[in-house]
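For reference, the structure discussed in these notes is given below.
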Amino acid sequence: MKLVEISAPDFDLAMTLDSGQVFHWEECGEGFVGAIADMAVYVEQRGSVLKVRGGETPARSPRRRPLSRMVTSYFALDHPLAEICAAFPDDQIMEAARNFCRGLRIIRQPKWECLATFICSSMKQVAHIRQISQALRKRFGDARKIDNEAGGSRATWTSKPARVDEPGVESVKHVFYTFPRAQRLAQCSEKELRECALGYRARNLLATARLVSSGAADLEAWSSLSDADLRAKLCDLPGVGAKVANCVMLFAYERLRAFPIDVWIERVLRQQYFPRNKKIATEQLRTFSENYFGEHGGYAQQYLFHHARMNKNAKSRTCAAAAKK
DNA sequence: ATCCAGGTTGCCA
DNA sequence: TGGCAACATGGA
């Protein structure tokens with residue numbers, strides 16, 4: 001099976017997939033395997049070109065649009081990244097983050113998948129969220145076959161390798177799992193969900209899955225709401241507060257203004273932007289960030305988050321050294 | 001071993 | 001409004 005080539009300037013695939021906005025992509029050979037909605041996808045980057053291959057889709061749910069357009073939309077290759085970055089506030093903290101995060105894009109995720117994943121994200125490290133996402137997919141999602149890179153010997157594949165149907169072929173089939181629909185999770189018991197290492201989040205995920213499944217919460221229809229109304233609707237869901245709501249708005253509803261404040265961002269805001277005001281209230285940080293970072297605040301936030309998280313060791317060393325003096 | 005993680009919720013003053 | 005503990009689990 002051939003790889004389709006897609007032009008992808010100003011894009012860093014690996015960094016984007018490792019930036020804590022999406023949690024299911026796995027390294028595989030020279031690229032990554034994951035799923036875009038219901039289709040397993042292999043994607044690798046060669047300079048400013050993406051090479052992609054779609055997996056098999058069930059006969060009853062034919063591909064709605066060409067693979068290249070799906071991928072372009074998913075990775076938000078149409079976002080005017082240069083303009084967005086140019087519009088960031090002009091300060092040294094932002095400048096460092098912008099330089100560090102070249103090519104990082106806010107991708108377009110399916111709404112339910114994003115919502116469910118971030119309900120599971122509270123008080124969890126990124127590595128844990130990955131485990132939970134994978135467990136939910138494996139246990140309750142649907143299997144999709146996809147060809148690995150021909151040969152596949154160098155692949156570091158962490159998912160279940162599939163039985164190879166025909167011996168002696170060059171390409172090797174693997175299985176990737178779609179994210180379970182709300183209807184599927186709504187049928188689960190809380191105990192079953194807890195077995196996916198969800199802990200106390202299981203109750204919230206189950207309750208929200210039932211609301212979405214029943215139609216009481218219509219995620220697609222909410223697309224037309226204003227930012228404030230959308231946020232209010234999301235916050236009504238069990239396990240969704242301001243932070244998760246903002247993540248879902250940013251990563252699934254294209255609300256590029258949404259500015260999620262987690263422990264990392266709060267630390268950045270306090271240490272970098274308000275070093276002399278230790279007592280500043282969280283609420284004031286929220287107001288500040290909405291005004292200061294502006295129209296593309298979500299992008300700015302993601303850059304600050306990724307930069308801080310990737311440099312945690314250097315930062316703490318600096319702080320420790322500074323504290324000694 | 002101890003700390004901490006892309007938080008939310010209910011309860012208290 | 002604002003502070004605070006409970007809530008589960010596993011990586012570093």
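These values consider heavy atoms only, across backbone and side chains, with no hydrogens, waters or symmetry-generated copies. All chains are named by letter (A, B, ...) in the order of the sequence lines, taking the proteins before the strands, and each is independently numbered beginning at 1.
For DNA chain C, the contact window with chain A, defined by any atom under 4.0 Å from a protein heavy atom, covers C:dC7 to C:dG11 in 5' to 3' order.
Nucleotides B:dC3 and C:dA5 place their P atoms 15 Å apart, quoted to the nearest Å. Using atom P as the reference point in both B:dC11 and C:dA8, the two lie 16 Å apart (nearest Å).
Atom CD of residue A:Gln131 and atom CG of residue A:Leu136 lie 12.0 Å apart, to the nearest 0.5 angstrom. Atom CZ of A:Phe11 is separated from atom CZ of A:Phe75 by 5.0 Å, given to the nearest 0.5 angstrom.
A:Asp18 meets the salt bridge (Lys or Arg N to Asp or Glu O under 4.0 Å) test with A:Arg130; sequence neighbours excluded. Looking at residues two or more places apart in sequence or on another chain, you find a side chain to side chain donor-acceptor pair (under 3.5 Å) between A:Arg194 and A:Glu190.
Residue-level contact check: A:Ile119 touches neither bases nor backbone, having no heavy atom under 4.0 Å from any strand. Base engagement by A:Ser19 is indicated by at least one non-hydrogen atom pair under 4.0 Å involving a base atom. Residue-level contact check: A:Gln302 touches the bases, meaning some heavy atom is under 4.0 Å from a base atom. Residue A:Ile261 is out of contact with every strand shown, counting any heavy-atom pair closer than 4.0 Å. Among the heavy atoms of the strands lying under 4.0 Å from A:Gly239 are primed sugar atoms or P, OP1, OP2 only; no base atom is included.
Closest-nucleotide positions on DNA chain B for A:Cys235 and A:Arg309 were compared, and the one nearer the 5' end corresponds to A:Arg309.
Judged by distance alone, with hydrogens and angles left aside, the side-chain atoms of A:Tyr299 form no donor-acceptor pair with the main-chain N or O of A:Leu104 at under 3.5 Å. Remark: side-chain polar atoms of A:Arg270 are paired, donor with acceptor, to backbone N or O of A:Ile280 under 3.5 angstrom. Without hydrogens or angle criteria, A:Trp222 side chain to A:Ala217 main chain gives no donor-acceptor distance under 3.5 Å. Checked by atom type and distance alone, the side chain of A:Thr208 never pairs as donor or acceptor with a backbone atom of A:Leu205 at under 3.5 Å. Using a distance-only test at 3.5 Å, with no hydrogens or angles considered, no donor-acceptor pair links the side chain of A:Gln134 to the main chain of A:Tyr177.
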All N/O pairs under 3.5 Å across the protein-nucleotides 10-13 of chain B interface:
none

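Taking the six-membered ring for Trp and the full ring otherwise, A:Phe118 and A:Phe23 have centroids separated by under 6.0 Å.
A:Arg231 has its CZ atom 12 Å from the P atom of B:dT8, to the nearest Å. Atoms CG (A:Leu234) and C1' (B:dT9) sit 17 Å apart, rounded to a whole Å. With rounding to whole Å, A:Leu285 atom CG is found 15 Å from B:dG7 atom P. B:dA5 atom C1' lies 12 Å from atom CZ of A:Phe23, rounded to whole Å.
Below 30°, between 30° and 60°, or above 60°: for A:Phe176 and A:His24 the angle between ring planes is between 30° and 60°, a tilted geometry. Ring-plane geometry between A:Trp264 and A:Phe305 is classed as perpendicular, the angle between the planes exceeding 60 degrees on a 0 to 90 degree scale with a lower cut at 30.
Looking at A:Glu195 and A:Arg139, a side-chain N of the basic residue comes within less than 4.0 Å of a carboxylate O on the acidic one, giving a salt bridge.
At a non-hydrogen distance threshold of 4.0 Å, A:Arg194, A:Gly199, A:Tyr200, A:Arg201 from residues 190-203 of chain A come into contact with DNA chain C. Within residues 124-133 of chain A, the residues that have a heavy atom under 4.0 Å from DNA chain C are, in order of number, A:Lys124, A:Gln125, A:His128, A:Gln131.
In this structure, A:Arg201 and A:Met123 approach most closely via the heavy-atom pair NH2-O, 3.5 Å.
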